[in-house]
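The figures here come from the full heavy-atom set of this structure, side chains too, leaving out hydrogens, waters and symmetry mates.
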Amino acid sequence: MTDIDKRLLIDTVTIQKTTGEKDGWGKEVFESPVTLKTVRFDRQYRVQGTKNNRKESKPSTLFVYPKYCPIILDKTFENAIINDGERDYRVTSVVPISYPHKQKVFCYEVECI
């Protein structure tokens, strides 16, 4: 697998992991936000239908390369909140991509909506 050029990693986002607890109103409690620099965030925005039968969605993917952004992402980051400075996204899954023939992680694909 070839390395990614750092100049392509132009995004900076914050991520807040859930603590698993609820506050007095029944809302999820989040940890303090962690800033992830030198990542790639592919944003999408889809609209299906027209007028009254309209559905909007924003399925997006965050690519985190541990070589440039030293963080370990695992299943505990599911349901976390990602903020890119404009919108909030909810993490649906974290997919670690490994080097072939090694147990070292090349990148994490964080799928969110």
Side-chain angles (χ1 to χ4, degrees):
M1 219 175 260
T2 60
D3 283 336
I4 185 109
D5 190 355
K6 188 176 180 179
R7 294 175 290 183
L8 298 173
L9 308 174
I10 59 171
D11 295 310
T12 300
V13 298
T14 60
I15 188 166
Q16 285 183 289
K17 192 163 66 166
T18 61
T19 61
E21 299 174 1
K22 305 245 184 217
D23 64 4
W25 291 278
K27 292 186 178 183
E28 291 179 297
V29 177
F30 293 94
E31 294 179 1
S32 59
V34 176
T35 302
L36 305 178
K37 295 181 181 179
T38 60
V39 296
R40 182 174 137 209
F41 193 36
D42 289 344
R43 298 160 186 89
Q44 293 183 14
Y45 182 74
R46 293 186 195 160
V47 178
Q48 294 178 339
T50 58
K51 298 190 181 186
N52 291 341
N53 193 19
R54 181 178 165 152
K55 291 185 180 180
E56 300 176 358
S57 64
K58 48 185 178 183
S60 303
T61 306
L62 174 69
F63 297 92
V64 179
Y65 297 89
K67 180 178 180 180
Y68 302 114
C69 182
I71 189 170
I72 296 174
L73 299 174
D74 54 9
K75 289 208 171 273
T76 61
F77 280 89
E78 290 181 0
N79 292 323
I81 299 291
I82 294 176
N83 186 297
D84 66 347
E86 294 180 20
R87 293 182 189 89
D88 287 334
Y89 300 84
R90 174 83 58 170
V91 174
T92 57
S93 67
V94 177
V95 181
I97 308 296
S98 298
Y99 286 101
H101 311 296
K102 292 183 183 178
Q103 294 297 334
K104 187 175 178 183
V105 174
F106 173 67
C107 80
Y108 296 101
E109 289 184 9
V110 181
E111 298 172 355
C112 50
I113 52 173

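Side-chain atoms of K22 and E28, non-hydrogen and from C-beta on, do get closer than 4.5 Å to each other. Between I81 and R90 the shortest side-chain heavy-atom distance falls below 4.5 Å.
Checking R46 against Q48 by side-chain atom types alone, no donor-acceptor pair falls below 3.5 Å. Residues E111 and T92 have side chains that never bring a donor and an acceptor to within less than 3.5 angstrom of each other.
Other residues, nucleotides and ligands contribute more than 12 heavy atoms inside 6.0 Å of the CD1 atom of I71. Within 6.0 Å of CD1 on I113 lie no more than 12 heavy atoms contributed by other residues, nucleotides or ligands. Residue R87 qualifies as open at atom CZ: its count of foreign heavy atoms under 6.0 Å is 12 or below. Around atom CG of N53, no more than 12 heavy atoms belonging to other residues, nucleotides or ligands sit under 6.0 Å away.
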task: Test side-chain contact (heavy atoms from CB on, under 4.5 Å) on D3 and F106 and set out the steps.
output: CA-CA 9 Å; D3 283 336; F106 173 67; 4.2 Å; yes

query: Could you walk me through whether R40 and D42 pass the salt bridge (Lys or Arg N to Asp or Glu O under 4.0 Å) check?
result: CA-CA 6 Å; R40 182 174 137 209; D42 289 344; 2.6 Å; yes

Stepwise side-chain contact (heavy atoms from CB on, under 4.5 Å) check, Q16 with E31: CA-CA 6 Å; Q16 285 183 289; E31 294 179 1; 6.0 Å; no

message: V39 vs L9, test: side-chain contact (heavy atoms from CB on, under 4.5 Å). Steps then yes/no.
response: CA-CA 5 Å; V39 296; L9 308 174; 5.8 Å; no

task: Step by step, work out the side-chain contact (heavy atoms from CB on, under 4.5 Å) result for D11 and R43.
output: CA-CA 11 Å; D11 295 310; R43 298 160 186 89; 3.7 Å; yes

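T38 places a side-chain N or O within donor-acceptor distance of the main-chain N or O of Y68, the cut-off being under 3.5 Å. Looking at R54, its side chain never comes within 3.5 Å of a backbone N or O of G49 through a donor-acceptor pair. Proximity of a side-chain donor or acceptor of S60 to a complementary backbone N or O of Q44 within less than 3.5 Å is detected.
A side-chain contact (heavy atoms from CB on, under 4.5 Å) with V94 is found for one member of L62, T76, L73 and no other, namely L73.
The two residues S93 and E78 make their nearest non-hydrogen contact at CA-OE2, 4.0 Å.
Two rings, from F63 and Y108, have their centers 6.0 Å or more apart.
Legend: residues meeting ring pair (Phe, Tyr, Trp, His ring centres under 6.0 Å) with F77, ordered by chain and number and at least two apart, are absent.
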